[in-house]
Amino acid sequence: MKRRTIRMDADSLTQEALRAANPEQKATLEACLKNGWKVMKVLTIYEPTTKSAINVAAKDLSGWITPDGKLHRPLKGKKHVAVNTRTLERVW
């Protein structure tokens with residue numbers, strides 16, 4: 001599988017995230033955007049069904065909005081959260 005990187009500005013990345021989000025994710029994403037979080041990355045898998053995970057960040061913190069609509073933030077004392085790129089579930 002060939003990977004490619006597409007560079008986007010903040011506004012188009014936010015629009016892409018809103019377009020790719022399911023209803024649960026959209027509610028969480030809109031709340032994050034109102035609180036000053038920014039979209040960093042949208043990760044989409046297409047098989048067996050289309051699902052997306054959205055990476056968001058604010059100041060020195062980042063988190064992932066998984067397909068179930070939950071915002072996964074780092075554990076206390078950490079700054080990052082990992083998500084499995086095949087299943088889009090949080091890596092604990």
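All values derive from a computational prediction rather than experimental measurement. When a residue number appears, it is its place in the shown sequence, counting from 1.
In this structure the side chain of Leu43 reaches within 4.5 angstrom of the side chain of Thr85, judged on heavy atoms. Within the 4.5 Å cutoff, the side chain of Thr44 has no heavy atoms near those of the Lys51 side chain. In this structure, the side chains of Arg73 and Leu71 come closer than 4.5 Å at one or more pairs of heavy atoms. Counting only heavy atoms from C-beta outward, the side chains of Lys26 and Leu18 approach each other to under 4.5 Å.
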Before you tell me yes or no, could you show the steps for Val83 and Asn55 under side chain to side chain contact (heavy atoms under 4.5 Å, CB included), namely the whole-Å CA-CA distance, both residues' side-chain angles and the distance that decides it to 0.1 Å?
CA-CA 9 Å; Val83 171; Asn55 183 234; over 6 Å; no
Please determine whether side chain to side chain contact (heavy atoms under 4.5 Å, CB included) holds for the pair Asp68 and Glu24, giving the CA-CA distance in whole Å, both sets of side-chain angles, and the decisive distance to 0.1 Å.
CA-CA 7 Å; Asp68 59 0; Glu24 295 89 9; over 6 Å; no
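Every side-chain contact (heavy atoms from CB on, under 4.5 Å) that Ala58 has, sequence neighbours left out, goes to Trp37. Residues passing the salt bridge (charged side-chain N to carboxylate O under 4.0 Å, His left out) test with Arg86, sequence neighbours excluded: none.
Connection of Trp64 to Met40 is not established within any shared hydrophobic cluster, with ILVMFWY side chains joined at heavy-atom distances below 4.5 Å, either directly or through further cluster members. A single hydrophobic cluster is not seen to contain both Val39 and Leu88; linkage of ILVMFWY side chains at heavy-atom distances under 4.5 Å, directly or through other members, places them apart. Both Ile54 and Leu33 belong to a common hydrophobic cluster when Ile, Leu, Val, Met, Phe, Trp and Tyr are linked at side-chain heavy-atom distances under 4.5 angstrom. A continuous path of Ile, Leu, Val, Met, Phe, Trp and Tyr side chains, each step under 4.5 Å between heavy atoms, connects Ile65 with Leu61, placing both in one hydrophobic cluster.
Taking both residues in full, the closest heavy atoms of Lys41 and Leu13 are given as N-CD2, 4.2 Å, listed atom of the first, atom of the second, then distance. Scanning all heavy atoms of the two residues, the minimum distance from Val81 to Ser62 falls at CG2-O, 4.2 Å.
The structure places SG of Cys32 at 11.0 Å from CD of Gln25, a figure rounded to the nearest 0.5 Å.
Between the side chains of Thr14 and Asp11, not a single donor N or O lies within less than 3.5 Å of an accepting N or O.
Of the possible donor and acceptor atoms, none in the side chain of Glu30 sits under 3.5 Å from a partner among the backbone N and O of Ala27.
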